[in-house]
Enquirer: 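One structure, as structure tokens, below. Some questions next.
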Amino acid sequence: MENMKLNNGYMIPEIGYGTWQSPDSEVTVNGVKAAIACGYRHIDTAAAYKNEESVGEGIKESGIARKDLFVTSKVWNTQRGYEKTIAAFEKTLSDLDLDYLDLYLIHWPASKKDYENWEEINLETWRAMTDLYKAGKIKAIGVSNFKPHHLEALMKTEVKPMVNQIEFHPGFMQEETVKYCRENGILVEAWSPLGTGRMLTNPDLQEIASHYGKSVAQICIRWCIQHDVLPLPKSVTPSRIEENSNVFDFEINAEDMQRIDALENFGGSGLDPDEVDF
Ligand SMILES: NC(=O)c1ccc[n+]([C@@H]2O[C@H](COP(=O)([O-])OP(=O)(O)OC[C@H]3O[C@@H](n4cnc5c(N)ncnc54)[C@H](OP(=O)(O)O)[C@@H]3O)[C@@H](O)[C@H]2O)c1
């Protein structure tokens, strides 16, 4: 797997191993080890996934040097604000048993629906992330589930976000947010690149996949990469973990890319950052 370059020059491996809904148990320890053994060097977790200890154990047992791995975590919604974010970061680091993170993200923006001072809350959280970044405890900082109106205020601060991790898969492309990020040098990462599995039974994708002798999962992952969006497929099944990394021996042609892009809105999680109630 190759690396992509963030707007601060830091390199990020072009596929990340997702761990949402991976339990805090041997299942995740073994999943992380299987991923690293077959070539993944980028792991995506979050305090809210409640599996950071298992992820950390998998990293340690993999035998790969820390400097050769890229580890992301996220500050959860109950921990927004300056002091709480600093404390949440320290807890994440301790749970993962690491001494720095490669990437730390604000998991969801505070929204207008819940807070009159939503912009101020996001800025205070961002100020904590910036201080941790300047102290060298995080190599890159960013956000998740931010739409352009959430990003606006952050773009006026000293350190601009390097990443925005959003829902992105066939049938759900968030064009406006992707365009904004691209214009502002923010790398987009795709969460649920397989729609948490919902993509896999789509007949159009199945037909396209059969032309390439690939699985629908591989088509979805490759499609993200060809859009310069960094996919984060999740699996705890060793054969699927490996399958999801084998996407570099083919290219989806322009016609099929357009056909996938044109698929009608389907398979979305329904989670709108301005509407969620968590
Ligand atoms: N920032 C956010 O708000 C946010 C939100 C959601 C997700 N994420 C991140 O994005 C990652 C991926 O999203 P996701 O967890 O929703 O799922 P996903 O990668 O879209 O899909 C995962 C599901 O598909 C199955 N699967 C994986 N590869 C497969 C294959 N090759 N063939 C058949 N089935 C396959 C998995 O099953 P098994 O595991 O049983 O094999 C699992 O049920 C998360 O793990 C997390 O790191 C972030």
Side-chain angles (χ1 to χ4, degrees), residues 12-13 15-32 34-35 38 40 42-52 54-55 58 70-77 92 96 102-109 111 142-147 150 161 163-172 174 177 181 187-202 205-206 209 214-225 229-247 266-276 278:
I12 179 169
I15 298 183
Y17 175 68
T19 64
W20 178 45
Q21 294 180 312
S22 298
D24 199 20
S25 72
E26 280 302 303
V27 172
T28 296
V29 176
N30 291 333
V32 169
C38 75
Y40 293 75
H42 171 177
I43 318 284
D44 184 84
T45 184
Y49 302 168
K50 300 195 188 310
N51 60 14
E52 289 174 310
S54 300
V55 169
F70 188 105
V71 183
T72 302
S73 192
K74 317 183 188 87
V75 57
W76 185 239
N77 303 354
T92 274
L96 284 163
D102 295 280
L103 178 64
Y104 199 42
L105 306 176
I106 303 181
H107 208 145
W108 291 84
S111 73
V143 296
S144 178
N145 300 302
F146 273 50
K147 292 183 178 178
H150 303 118
V163 166
N164 188 11
Q165 183 180 122
I166 59 171
E167 181 174 2
F168 184 88
H169 48 71
F172 197 82
Q174 304 212 54
T177 300
C181 290
L187 176 79
V188 178
E189 293 184 346
W191 65 251
S192 296
L194 317 178
T196 321
R198 291 182 297 275
M199 296 300 102
L200 305 176
T201 50
N202 178 270
L205 293 172
Q206 284 174 335
K214 290 285 172 186
S215 67
V216 172
Q218 289 169 320
I219 290 292
C220 291
I221 293 163
R222 179 75 208 182
W223 173 83
C224 290
I225 291 171
V229 172
L230 191 156
L232 303 167
K234 174 263 175 186
S235 176
V236 293
T237 314
S239 59
R240 292 173 173 174
I241 294 172
E242 181 157 19
E243 176 187 321
N244 295 345
S245 69
N246 287 332
V247 295
F266 78 102
S269 66
L271 298 175
D272 181 332
D274 286 316
E275 300 299 332
V276 291
F278 50 78

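In each ligand, atom 1 is the first atom listed, and ligand 1 is the first ligand listed.
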Enquirer: Quick one: does A190 get an N or O within less than 3.5 Å of an N or O on ligand 1?
Expert: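 A190 vs ligand 1: no N/O contact under 3.5 Å.
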Enquirer: To which protein heavy atom is atom 13 (O) of ligand 1 closest, and what is the distance rounded to 0.1 Å?
Expert: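 Checked against all protein heavy atoms, atom 13 (O) of ligand 1 sits closest to S192 N, 3.0 Å.
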Enquirer: Can E189 and L103 be said to form a side-chain contact (heavy atoms from CB on, under 4.5 Å), step by step?
Expert: CA-CA 12 Å; E189 293 184 346; L103 178 64; 3.7 Å; yes
Enquirer: For D24, what residues pass the salt bridge (Lys or Arg N to Asp or Glu O under 4.0 Å) criterion, not counting sequence neighbours?
Expert: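 In terms of salt bridge (Lys or Arg N to Asp or Glu O under 4.0 Å), with neighbours along the sequence ignored, D24 is linked to no residue.
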Enquirer: Tell me the contacting part of S269 for ligand 1: side chain, backbone, both, or neither, using a 4.0 Å heavy-atom threshold, strictly below.
Expert: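 Neither part.
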Enquirer: Who pairs with T196 by side-chain contact (heavy atoms from CB on, under 4.5 Å), at least two apart in sequence or on another chain?
Expert: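 side-chain contact (heavy atoms from CB on, under 4.5 Å) check on T196 returns W20, Q21, S192, R198.
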Enquirer: Among D44, L232, T196, which residue places a heavy atom closest to atom 21 (O) of ligand 1?
Expert: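 Considering heavy atoms of D44, L232, T196, the nearest to atom 21 (O) of ligand 1 sits in T196.
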Enquirer: Would you confirm whether any non-hydrogen atom of the protein falls under 4.0 Å from atom 43 (O) of ligand 1?
Expert: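 So atom 43 (O) of ligand 1 lacks protein heavy-atom neighbours under 4.0 Å.
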Enquirer: Tell me whether P233 reaches ligand 1 (any heavy atom closer than 4.0 angstrom to a ligand atom).
Expert: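 The answer is yes, since P233 has a heavy atom less than 4.0 Å from ligand 1.
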Enquirer: Closer than 4.0 Å to some heavy atom of H107 - which atoms of ligand 1 meet that?
Expert: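 In order of numbering, the contacting atoms are 1 (N), 2 (C), 3 (O).
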Enquirer: Going by heavy atoms, is Q21 under 4.0 Å from ligand 1?
Expert: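 It does not; every heavy atom stays at 4.0 Å or beyond.
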Enquirer: Salt bridge check: are D272 and K147 linked by an N-O gap of less than 4.0 Å?
Expert: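 Salt bridge: yes.
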